[in-house]
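Residue numbers start from 1 in every chain, and the chains themselves are labelled A, B, ... in the order their sequence lines are given, proteins ahead of strands. Bear in mind the structure is a predicted one, so any value in this text is a computation, not a measurement.
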Amino acid sequence: MLDIKFIRENVDIVQRAIKNKNEKCDLKMILELDKKKQKLQFDYDTLRAEQNRVSKQIPELKKQNINATELIKEMQNISKKVKALSTELSEVSVKFENELLCIPNISHKEVPIGGESENKFIKEWGSKKTFTFKPKDHLVLSEKNDLLELKRASKLTGTGFVGYKNKGALLERALINFMLDFHIWKHGYTEVSLPVLVNRKTMIGTGQLPKLEDDMYRIEQDDLFLVPTAEVSVTNLFAGEILPVKMLPQKFVSYSPCFRREAGSYGKDTKGLQRIHQFNKVEIVRFVQPESSYQVLEEMLKDAEDILQALGLHYRAMTLATGDLSFASAITYDLEVWAPGAGKYLEISSVSNFEDFQARRASIRYRDIDDKVRFVHTLNGSGLATPRTFIALIETYQNEDGSVTVPDVLVPYLSGLKKL
RNA sequence: GGAGAGGUGACCGAGUUGGUUGAAGGUGCGCGCCUGCUAAGCGUGUGUGGGGGUUAAACUUCACCGAGGGUUCGAAUCCCUCCCUCUCCGCCA
């Protein structure tokens, strides 16, 4: 959420930000609602002050045995007016708040403007592996080694739901543990394991709602949502709190299943593990003071990169252009891992700085050394999602006979198994 | 799911015949003093958000005692709905 004061004073900037992110919000209406709300608030306050003042006199009069029925009668009118104003005010306020929640975050000045084609290359690590044979894709390799349970899993739920099996299940579990351990012991994150079912307020806090309701799985009976990422539960951990400054920074790593309806993306990258409705991910989240968030963003990018490097997977890093940037993010780096069998890069991690956008929505603040209360900055990054890591890994480490060599760092996590 | 208890400021905890209680008291924390030692004492200050006001403060006003409604001239206090926590029972892993 943006600060309404900022919006009032920077209408052009906000308008441009909306356009750059291809959002549709009626900024003009929001400003009108804002004005209307302010006026109503003023009228209400004035009348209430009067009401409070007189109401205090009544017990005084009674004490002195003076008849107050006249005065009370008078006040009945004011009471009615107060009620009417209050109703109107809360109606306008609700409308205003709802509209305000639909304004996206403003992108950082270094973010390229435009659609996906404007995503900017930052760097790459390693190089596309060369093979003496034609590399197979993950579907063929999985079939050959009995790693996945695709058809039967979709029987259970539907298309877009997958199962891991045999050494494939082992490998996926190994990846999760390896990544968790890496972030905990090498990067100093604290692990949290939180509910994957969250309420509406929580989903609003991180910015999934109201905009993306159609992309979320919802349990209608209880009005709960399945999280699309652990970011949601972890970021909202401090919702509504004012943290003492000594509690900052906080760095969390959390493994969770993620649920995404992927509404409107049917037919795109649907093969195997590429785009699925449920997958596992290890997520890193940080709460920091504003002045350090951009330095921390770089650190987090490196944290995600470290995993790929440890696994020996070639990747490149991109800065997402405004049109590709998520609603709540100010800047996002995407890591794209090379999948030799598929012959393309797969988005495997997003590392984002939300600045105070989520903190405002979820009201996550801290008391600074000067005793002022300020919003924290929140950041998160995938570190990493397992399905595409799985793809890149088996495609990269495949042998001509279709077997897969386990990279050294994962061997201990596979109980010494060196080949799939 | 059934029965009961409860949700007040950073924390603990008063406040239920509605009215100087935005909230006693305590703890913690800030500042000052005293004293000097493994600490204590004394004084003083200490919520958030919105509006007005100021160069900035001061000051002023409104709202907030789980959330939302209602009753009333007036509600933390009464009524209704919902949420959450705890205890016991049942059920299930």
Nearest to the side chain of [X], heavy atoms from C-beta on, is which of [options]?
X	options	value
A:Ile72	B:rC73, B:rG50, B:rU48	B:rC73
A:Arg365	B:rG49, B:rA75, B:rC73	B:rG49
A:Gln38	B:rU48, B:rG51, B:rC73	B:rG51

Task: Nucleotide B:rG49, atom P - distance to CZ of A:Arg360 in whole Å - done: 11 Å
Task: Under-3.5 Å donor-acceptor pair between A:Asp45 side chain and B:rG50 base - done: yes
TODO: Give one of base, sugar-phosphate or nothing for A:Gln51, where a contact means two heavy atoms less than 4.0 Å apart.
DONE: sugar-phosphate
TODO: Identify whether any heavy atom of A:Asn52 sits under 4.0 Å from a base atom; if not, whether one sits that close to sugar-phosphate; answer base, sugar-phosphate or nothing.
DONE: sugar-phosphate
Task: Upstream residue (5' side of RNA chain B) when A:Lys83 and A:Arg367 are each assigned their closest nucleotide - done: A:Arg367
Task: Residue met sooner reading RNA chain B from 5', once A:Ile242 and A:Glu60 are mapped to nucleotides - done: A:Glu60
Open item on the list: Go through it in stages, so that I can follow the logic: the residues are A:Tyr366 and A:Phe287, the test is ring pair (Phe, Tyr, Trp, His ring centres under 6.0 Å), and I'd like the CA-CA distance, side-chain angles, deciding distance and then a yes or no.
Closed with: CA-CA 10 Å; A:Tyr366 72 102; A:Phe287 300 84; over 10 Å; no
Open item on the list: Among A:Val288, A:Val245, A:Leu248, exactly one meets side chain to side chain contact (heavy atoms under 4.5 Å, CB included) together with A:Val376. Which residue is that?
Closed with: A:Leu248
Open item on the list: Can you tell whether the side chains of A:Asp303 and A:Arg286 come within less than 4.0 Å, N to carboxylate O?
Closed with: yes
